Every structure is written in structure tokens, then in C-alpha cells.
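Just so it is clear: chains get the letters A, B, ... in the order the sequence lines come, proteins before strands, and each one is counted from 1. All of these numbers come straight from a predicted model, not from anything done at the bench.
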Amino acid sequence: MNMPRKMASWHCFQKSLVRATNRGKSMKFSQLFLPVLKEDPAEAQVVSHKLLVRAGMIRQVTSGVYNWLPFGLQVLRKVENIVREEMNRAGAQEVLMPMVQPAELWQETGRWQKYGAELLRFTDRHEHESCLGPTHEEIVTDLFRRNVYSYKQLPLNVYQIQTKFRDEIRPRFGLMRGREFMMKDAYSFDENKKSALESYATMRDAYHRIFKRLELDYRMVLADSGSIGGDHSNEFHVLAATGEDDLLFDPNGDYAVNVEKHDAENCPVAEDQLEKAKGIEVGHIFYLGTVYTDPMEVKIQGQEGNLQPVHMGCYGIGVSRIVAAAIEQNHDEHGIIWPMALAPYHVGIIDLRPDDEACKQAAEKTIAALSEKGLTYAHDDRAEKPGAKFATMDLIGLPWQCTLGPRELADGLVEWKNRRTGERTKLAVGELPAELSNAMAVAA
RNA sequence: CGGGGCGUGGCGCAGCCUGGUAGCGCGUCUGGUUUGGGACCAGAAGGCCGGAGGUUCGAAUCCUCUCGCCCCGACCA
């Protein structure tokens, strides 16, 4: 190499920078911790649980508690990022609150008594009682009252994406009802009800954007407020046969309701016009009013210098549950079919003969073409039989597959397959299907 | 918590009724032959049968207790 020394090291630095940037975005199967299973795990009942385990995304540690493996974590992060972007766009600010919470705050609201056995309590070495956070109204309200004093600082909306723990009576269905799970929880603070309902509407709109971006078939329904309290709430459900909730909705209008909340007497739509569907609850938003701020004696100063109550709203999204719900809604007999927005990688490169020179070159060209478009890929470079590679790629559900093999490469062609439609096309090496080429532009 | 089921190499299972010292398929490792929809041959590794106690000459198998997991019900993102 006749490059000046400085140049050479700069060149190397750039290369390593690129490698570092791409780390986690693209991967070789031969190096990936992706333990796939041919058979369904005995303990799994629902399809999302079976496929999450078979596709090497999660492994159970104990009842309702899971390890996230690299492939699964990629998807979880995709969901998180979409949620995060839309929360930020809606003006909410990200914080991170603790999992361990002192009993005193829960005693202030009376929930230390009311919450029941689902609240996992424990005592530390100082005989001090604590719990693992199943939700954060107490913590966030305490944070607020210690730091916000004036109407001028409102409205305020903070959120976090964090691990929650609820000691469920019966965890089940894998990620659907775990004890430990990932949740996005947001909390809004306003100086009056009118403003609080505007904050509520802002969050509601953000939720619609989130579920659209996640490419999921969902419904927003009227809901019961449950134990959280408050008098106004909507749930967001992903439609799926395995859903635990029954929904009623007007296919020609906006009206939709959880049957728990349904009241035939006051329903604005004729009973026979309503359609039924099963839903998986993945989001729930509440107007809380002052149910937490009153007992915790939260007051702010208004324009006249008077002390006035604070109106809250809280807004949850079951981030890890969305991963399961997405699979319930997007799979076939061969495995998962990821929407582009959630796919751990956009393209799976099925390299039938990684030892073959033509395949090597084709893989390089394909990778270059994908990188140029900002698409990520997983490269199956294992020395497996073709059938095993096809089956694995179908199972893990990357939206596009590109098969490189000596047969087609003799004519300079590779085969592209759309995982969802099964449609196959033969294209020149390095050429991408138009649909895929456009995908990134559409997403952006 | 009430009702039901199940714990046997990494995964899926058989063996248990009728005690005699653990087997099958997949996966893994070595070598070779293969290579377009889960290959073949030849070798090999890997299990105190969830745990404790008991019965017995002898327990995966019978008895008691215990722990864990799954399913059905009341609760929830």
C-alpha cells in the first residue's frame, strides 16, 4: 500500500467506524445467537408464543419472565423507537423512573392496601417496605409536586419506556401476559380539566399514529377505567383471533366499544349494526382528573397566586405485548411475517453455497445495493442444506428473501421472494425489487 | 387461590400400570460424500430420570412430602 501513513490509518478508522455503525443492523447467521427450533415448545399454547421461542427471539426464565435474545430484542427496539418518536413528536419528554418504589408513596394514595397481591412487596435490610413498580402514578406525581409549582410550567407530559412487574395470578401465553414486561407509560399534568382533555386528545392522536406506523390492524374502543381510576378512557386493541377481549364496533362509523363497557340502552348505534371482534389490548389511555393529585396534595399556583388542583392523564402502551400481538396478526404455517416497520432486518440473504465464488460475489453486490438504500439484512452463510435455509428464513419472517445459488447465478440472476405474498421474481445481481427499493422512502 | 395436566441428555417424546440399573427422533461434535424446500454414511459427546424422605436385596417405575411449569376460572399493558 503506497498510501501515506496518516491516510492509511484514517482509512482504517473510517472502515471500523462503518463496521461499528452497522453492528446490530446487519448480521451473519454463522455469528448470530439465533437458536431456532424445529418443533413447538411443549409449554406454548398460542402461535405468538410458539413462534417467538422457535424463531430464537425469547426464552423463558420462570413463569411470566423471559430472556430477550438478539433477534427478539431487535424487534422490541423497533417498537420502542416508533413509540418514542411519536411521544416526542407529541411533546412528551422522556424520563426514567425506578422499578423499586417505597411503600410510603403507595400508602398516600391508599393503593398499598387496594392494589392487592399483584403488587410484589418486599422488605429490605432496614425493615423498610418497598414494591416493584407495576405502574408509576405515585412516583411521577411525587416527582411533579417536588419540582413543579406554577401554572406557567404546564402542561407537562413525561413518559418512560421501562420494565414493569405485576405479580399476575396466572401469567400465560408467553409475552401476552407476563409478570415482567416492557411498557411505555406517559403522564400528563394540566391546570384544569379542559386543558387535560386536550392533552388526552394529543396522546390519543399520537397513539393512532403509533399503531398505524406499526402496520397493525387495530381499533380504539371506549373502555372501563378499572383500578387506575378516572372517568374517561380508551383502549387500543390489535385485532386477533386469540385476543382476550371482546370488542363491538360499527364497521361504517367510529363507534367502537369493549363489551365490558357496552351499554345496549345508551348505545348510539343499533345493536344489529355492530360487528364483533377479538382484541389484544396493547394501549390504554385515561383522563385521571385529580384522583392522584388530591390524596398526594399536589397544588400549583395559578395566575392570581392562588393554589389550585392539578389534572392528570396517564397513557400506557404494552411494548413487549405488541411484539406478540404483531405475530398473532402476521404469520402463516411456515412462521412469522414481519411488517417492514418491525422486521429485525429487512432482507434475509439465503446464500445456498457460501463456499462458491459466484455466490460470494453475488452476496457482496447484494449487500452493497441494500446498504446504499439504507436497508438492513441478515446473511445466512451457514453450511446448511438449501431446504434448511429456506425453512429457517420463512420461520424468522424477514419480509424479503434474496436467494443466491449457482443455478441462477449462471445467468447472472438471483431470486427475490416476498415473504408475505410468496411472490418470487428473478432479478440481476445487485438489483432490488422496485417495491423494496421504495420501501425506505415510504417509511421515511 | 380452586379445578385439571405435566416434570426423563439442548428440544420433542417413549419407558412407569406389571421395580432389575435408561431408550427413540431431532439437534450438537469429528471425518467423508452431498448441495434450489428441513441430505446420507461412519464415529462420538451429552442424563445423579425436578428435589427430599420412605418401602425393597434392588426404585425413573411403588408410597409420602415438597418445588417448578402449563391449561381452565376471578384480574390486567
Side-chain angles (χ1 to χ4, degrees), chain A residues 35-46 49-50 53-54 56 59-65 79 83 114-119 133-136 161-186 207 223-228 233 235-238 243-245 258 260 279-286 314-325 334-335 350-356 359 380 382-395 401 403-410 413-415 417 422 424 426:
Chain A
V36 294
L37 262 31
K38 275 192 182 178
E39 290 173 284
D40 288 334
E43 75 275 10
Q45 305 294 317
V46 298
H49 190 192
K50 290 176 182 173
V53 175
R54 285 192 54 204
R59 285 293 184 269
Q60 187 176 77
V61 176
T62 185
S63 183
V65 176
V79 178
V83 170
K114 272 189 289 184
Y115 210 93
E118 217 171 278
L119 187 64
T135 179
H136 282 67
I161 297 172
Q162 189 239 22
T163 299
K164 296 282 186 278
F165 194 94
R166 295 182 188 175
D167 199 4
E168 292 280 345
I169 299 167
R170 187 158 80 84
R172 66 190 122 157
F173 303 150
L175 258 33
M176 293 281 222
R177 179 175 302 288
R179 292 193 296 166
E180 186 176 301
F181 57 97
M182 197 61 78
M183 176 164 146
K184 186 283 298 178
D185 46 326
Y207 273 44
D224 235 349
S225 298
S227 65
I228 299 236
S233 91
E235 289 170 351
F236 289 76
H237 287 260
V238 167
E244 294 190 78
D245 287 274
N258 191 318
E260 292 170 358
I280 301 167
E281 186 186 348
V282 290
H284 201 160
I285 59 179
F286 304 83
C314 73
Y315 317 91
I317 288 183
V319 174
S320 45
R321 183 181 279 180
I322 284 174
V323 177
H334 301 295
I350 302 173
D351 197 341
L352 294 181
R353 295 284 300 278
D355 55 329
D356 180 90
C359 286
D380 188 351
R382 298 171 303 165
E384 288 289 335
K385 294 285 288 185
K389 295 196 172 199
F390 291 130
T392 301
M393 203 57 89
D394 284 348
L395 171 65
Q401 300 174 3
T403 301
L404 319 171
R407 199 180 74 191
E408 311 295 349
L409 281 172
L413 298 174
V414 299
E415 187 182 86
K417 181 177 133 184
R424 294 157 201 258
K426 292 188 171 77

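- Residue Arg170(A) has a polar side-chain atom (N or O) positioned under 4.0 Å from OP1 or OP2 of rC72(B).
- Across the C1' atoms, rG46(B) and rU8(B) are found 14 Å apart, a figure rounded to whole Å.
- Phosphate proximity of rC69(B) to Thr62(A): present, with a side-chain N or O under 4.0 Å from OP1 or OP2.
- Listed for the Arg172(A) side chain is no donor-acceptor partner under 3.5 Å among the backbone atoms of Arg177(A).
- Between the side chain of Arg353(A) and the main chain of Gly405(A), no donor-acceptor pair closer than 3.5 Å is present.
- Nucleotides rU35(B) and rC71(B) have their C1' atoms positioned 44 Å apart, rounded to a whole Å.
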Polar atom pairs between nucleotides 3-9 of chain B and protein, under 3.5 Å, N or O only, would you list them?
none

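- Within 4.0 Å of Arg59(A), counting heavy atoms only, lies no atom of the nucleic acid at all.
- Atom-to-atom, CG of Leu37(A) to C1' of rG38(B) comes out at 13 Å; the value is rounded to the nearest Å.
- Here the nucleotide nearest the side chain of Ile169(A), chosen from rA77(B), rG73(B), rU35(B), is rG73(B).
- Put simply, Lys184(A) has no side-chain N or O that comes within less than 4.0 Å of OP1 or OP2 on rA77(B).
- In terms of polar N and O atoms assigned as donor or acceptor, the side chain of Glu384(A) never comes within less than 3.5 Å of the base of rG38(B) in a complementary pairing.
- Using a 4.0 Å cut-off, some side-chain N or O of Gln60(A) falls inside it from OP1 or OP2 of rC70(B).
- Proximity of a side-chain donor or acceptor of Arg321(A) to a complementary backbone N or O of Met176(A) within less than 3.5 Å is detected.
- Across every non-hydrogen atom of Ser63(A) and Arg179(A), the tightest pair is O-NE, 2.9 Å.
- Counting non-hydrogen atoms under 4.0 angstrom, Arg179(A) reaches nothing in the nucleic acid.
- Asn258(A) places its CG atom 11 Å from the P atom of rA77(B), with the value rounded to the nearest Å.
- The gap from the P atom of rA22(B) to that of rG38(B) amounts to 37 Å, rounded to the nearest Å.
- As a whole-Å value, the separation of Glu168(A) CD from rC70(B) P is 13 Å.
- Proximity note for Glu244(A) (side chain, C-beta onward) versus rG36(B), rA77(B), rC75(B): the nearest is rC75(B).
- Taking the side chain to side chain contact (heavy atoms under 4.5 Å, CB included) definition, one finds that Arg407(A) meets it with nothing, sequence neighbours left out.
- Remark: P of rG36(B) and CD of Glu415(A) are 13 Å apart, rounded to the nearest angstrom.
- Nucleotides rC24(B) and rA14(B), compared at atom C1', are 7 Å apart to the nearest Å.
- In this model, no side-chain donor or acceptor of Asp40(A) finds a partner on the base of rG12(B) within 3.5 Å.
- Taking the side chain as every heavy atom from C-beta outward, Arg382(A) and Thr392(A) approach each other to under 4.5 Å.
- Judged by distance alone, with hydrogens and angles left aside, the side-chain atoms of Tyr207(A) form a donor-acceptor pair with the main-chain N or O of Gly316(A) at under 3.5 Å.
- Rounded to whole Å, atom P of rG27(B) lies 13 Å from atom CZ of Arg54(A).
- A gap of 15 Å separates the P atoms of rU61(B) and rG15(B), to the nearest Å.
- With hydrogens and angles ignored, the 3.5 Å screen pairs a side-chain donor or acceptor of Lys389(A) with a backbone N or O of Asp380(A).
- Remark: the separation of the C1' atoms in rG5(B) and rG10(B) is 24 Å, to the nearest Å.
- rG36(B) has no base stacking with the ring of Phe390(A) when judged by centroids under 5.5 angstrom apart and an interplanar angle below 30°.
- Among the atoms of the strands shown, only primed sugar atoms or phosphate atoms (P, OP1, OP2) are found under 4.0 Å from some heavy atom of Ala42(A).
- With the nearest nucleotide of RNA chain B identified for both Phe173(A) and Val282(A), Phe173(A) has the one nearer the 5' end.
- Across all strands, Gly178(A) comes closer than 4.0 Å to base atoms (heavy-atom distances).
- A donor and an acceptor atom never sit less than 3.5 Å apart when one is taken from the side chain of Arg172(A) and the other from the base of rG73(B).
- Two residues, Gly283(A) and Asp355(A), neighbour RNA chain B, and the one matched to the more 5' nucleotide by heavy-atom proximity is Asp355(A).
- The residue Pro171(A) sits close only to the backbone: its heavy atoms come under 4.0 Å of sugar-phosphate atoms, none of a base.
- Arg166(A) places its CZ atom 11 Å from the C1' atom of rC75(B), with the value rounded to the nearest Å.
- At a threshold of 4.0 angstrom between heavy atoms, the contacts of Gly316(A) with the nucleic acid are absent.
- Heavy atoms of Glu39(A) sit under 4.0 angstrom from at least one base atom.
- The residue Phe165(A) sits apart from the nucleic acid: no heavy atom pair falls under 4.0 Å.
- Only the P atoms considered, rC49(B) is 15 Å distant from rC62(B), to the nearest whole Å.
- A close approach under 4.0 Å does occur between a side-chain nitrogen or oxygen of Ser63(A) and OP1 or OP2 of rC70(B).
- The same atom, P, is picked in rG3(B) and in rA60(B); the two are 31 Å apart, to the nearest Å.
- Side-chain N or O atoms of Lys164(A) include none that pairs as donor or acceptor with a backbone N or O of His136(A) at under 3.5 Å.
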I'd like a list of close polar pairs between nucleotides 43-46 of chain B and the protein, N/O only, cut-off under 3.5 Å.
none

